[in-house]
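I have placed the structure first, in the form of structure tokens, so that the comments after it can refer back to it.
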Amino acid sequence: MASQAIIFRETREGRGFYILLAVLGVFLALGAIAFFYAEHHGHYVTGMTNQVVWGMPHVFAIFLIVAASGALNVGSIGTVFGKQLYQPMGRLSALVAISLLLGGLIVLVLDLGHPDRLIVAMTHYNFRSIFAWNIILYNGFLVLSAVYIWTMMDRHAKAFYKPAGFAAFTWRLVLTTGTGSIFGFLVARDFYNSAILAPLFIAMSFVFGLAVFILVLYCAYKWTGRELGDAVLNRLRYLLAVFIGAVLLLELARHLTSLYIAQRAGVEAFILHDGGIYTQLFWVAQILLGSLLPLSLIFCRKLKNNHVALLLAAGFAILGGFAQLYVILIGGQAYPLTLFPGAEVSSDYFDGAINAYTPSMWEFMLGVGGVALSLVMVTIGVKVLRFLPESLSDAVAEPHGGK
């Protein structure tokens, strides 16, 4: 009977593997079509302009990059903070982190228009540019995450497990700080210029990465027929709530600080009240659906141990994350630059005008292609190597009842 159960599980797992790869392959093809179309016709086919130079592909790319840092947090909790419940999930968290980062970077590279120009960025560094520093941070993150996986999978490298975990934990904090600083250092944009963006992006990475990890973990265990207990899911559930609360707190502090500064009253009124789609995304998608609804699903007593509620909370947190990045990235560019503070400026060159932007389907296709690439890497990694523990049942995860 045991052998028949194993054969059945392997057959089911193999069938699901190829079906999932086929579906993801379709989205990968859509991303490739979008890239070649924009490469051939030029960036005018997108919604980006000379005023809004970062569009929907950058929202996808930054989400994946930030989520990559947060996905590694699960492994870091087990290694750095010695929480045994999280340690069996360390391999999967590192795999998800690497996959998300590569998916985000491929979107950025393909959106350059001439991907071959990446060679220039890799061989000629301008150390006064935060973008140059981020290239170093991305490469270092990939290397450290790979070493981290090696120390968890090779018995002979077990002595390096703790140092590798500490190094990866520290590096990912620096990486997310660097990503947030890209916007914090842009003093010309009123909605960007803020030191709080660095810690905000760190907190956002915890939410995005953990939400993605929860969905990947649950789906992987269901499709492979492995046992996943409530002890693990509930720990991840309340951890997600803590991170969502941290993002809300930092977002509140950011907006209250800007409202206190007279120079930023205009951009705050634009985002919070008069911004049209940006205001709607902020209040409805980011705050209501992306923050308050997940918290309600997590803390509702009637939904305790409800797996569907947890999956919905993670899904809405991801939706809120995309909305938050869209408001920060696109909304910050839509608001006009303050070229001469204290003076009125009027010309035919968009001075003082709200910049319009409507993402095209090519941008969505390219972004979805990057997400599909990340999921393909996770799927193949889980299928080929032992990234999943055989069981995360309550008896295995908390053999002593969590004491």
Side-chain angles (χ1 to χ4, degrees), residues 52 54 58-59 61-67 69-70 73 130-131 134 172-211 240-295 316-338 341 354-355 357:
V52 180
W54 292 337
H58 300 84
V59 174
I62 294 173
F63 178 90
L64 292 172
I65 292 171
V66 171
S69 172
N73 186 59
I130 188 65
F131 294 97
N134 272 270
R172 73 176 185 80
L173 291 179
V174 176
L175 181 147
T176 317
T177 300
T179 305
S181 297
I182 291 176
F183 304 98
F185 288 179
L186 290 175
V187 296
R189 296 284 183 185
D190 290 341
F191 198 53
Y192 290 170
N193 181 21
S194 175
I196 204 172
L197 279 173
L200 176 61
F201 266 70
I202 292 176
M204 287 162 55
S205 74
F206 292 160
V207 175
F208 304 167
L210 183 57
L240 179 63
V242 170
F243 293 152
I244 292 175
V247 171
L248 281 175
L249 178 62
L250 289 172
E251 192 72 273
L252 175 64
R254 175 169 170 254
H255 285 284
L256 288 178
T257 303
S258 295
L259 287 170
Y260 186 79
I261 302 173
Q263 180 184 351
R264 299 187 183 177
V267 70
E268 283 297 319
F270 174 71
I271 296 296
L272 300 179
H273 187 265
D274 304 322
I277 183 62
Y278 306 108
T279 301
Q280 295 169 17
L281 285 174
F282 177 81
W283 289 112
V284 178
Q286 178 185 337
I287 301 299
L288 181 60
L289 297 179
S291 299
L292 300 182
L293 180 57
L295 289 177
F316 279 115
I318 292 173
L319 172 66
F322 273 104
Q324 184 175 17
L325 287 175
Y326 192 94
V327 171
I328 292 175
L329 198 66
I330 312 300
Q333 295 175 91
Y335 191 76
L337 291 168
T338 306
I354 302 298
N355 301 311
Y357 170 75

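A heavy-atom distance below 4.5 Å is found between the side chains of Leu256 and Leu252. Contact of the Ile244 side chain with the Leu292 side chain is not registered, since no non-hydrogen atoms from C-beta on lie closer than 4.5 Å. Annotation: side chain of Ile354 is in contact with side chain of Pro336 (closest heavy-atom distance under 4.5 Å). With contacts defined as side-chain heavy-atom distances shorter than 4.5 Å, the pair Phe63/Ile318 qualifies. In this structure, the side chains of His273 and Glu268 stay at 4.5 Å or more apart for every pair of heavy atoms.
Remark: Ile65 CD1 to Asn134 CG distance equals 8.0 Å, nearest 0.5 Å. For the atom pair Phe316 CZ and Leu288 CG, the distance stands at 9.5 Å (nearest 0.5 Å). Between atom CD1 of residue Ile271 and atom CG of residue Leu281 there is a gap of 10.0 Å, rounded to the nearest 0.5 Å. Note that CZ of Arg254 is 8.5 Å distant from CZ of Arg264, once rounded to the nearest 0.5 Å. The distance from the CG atom of Asn73 to the OG atom of Ser205 is 7.5 Å, given to the nearest 0.5 Å. Here Ile62 contributes atom CD1 and Met204 contributes atom CE; the two are 8.5 Å apart, rounded to the nearest 0.5 Å.
In plain terms, the two heavy atoms of Trp54 and Ile330 that are nearest each other are O-CD1, 3.0 Å.
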Pairs of donor and acceptor atoms involving the side chains of residues 179-189, under 3.5 Å and at least two apart or interchain, shall be tabulated with distances.
from   : atom 1 : to     : atom 2 : distance (Å)
Thr179 : OG1    : Leu175 : O      : 3.1
Ser181 : OG     : Thr177 : O      : 2.7
Arg189 : NH1    : Gln333 : O      : 3.2
Arg189 : NH1    : Tyr335 : O      : 3.3

Taking only distance into account, with no hydrogens and no angle test, what donor-acceptor pairs under 3.5 Å do side-chain atoms of residues 192-202 form with protein atoms, sequence neighbours excluded?
from   : atom 1 : to     : atom 2 : distance (Å)
Tyr192 : OH     : Ile328 : O      : 3.4
Tyr192 : OH     : Leu329 : O      : 2.6
Ser194 : OG     : Ile196 : N      : 3.3

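Of the possible polar contacts, one joining the Ser69 side chain to the Arg172 backbone as a donor-acceptor pair under 3.5 Å is found.
Tested against His255 for a ring-ring contact (aromatic ring centres under 6.0 Å, His included), the candidates Trp283, Tyr260, Phe282 yield a single pass: Phe282.
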* side chain to side chain contact (heavy atoms under 4.5 Å, CB included) evaluation trace for Val66 with Phe206 -> CA-CA 8 Å; Val66 171; Phe206 292 160; over 6 Å; no

* To do: Just do the side chain to side chain contact (heavy atoms under 4.5 Å, CB included) check on Gln324 and Val247 with the steps written out, would you?
  => CA-CA 10 Å; Gln324 184 175 17; Val247 171; 3.8 Å; yes

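In this structure, Phe270 and Tyr278 have tilted ring planes: the angle between them lies in the 30° to 60° band.
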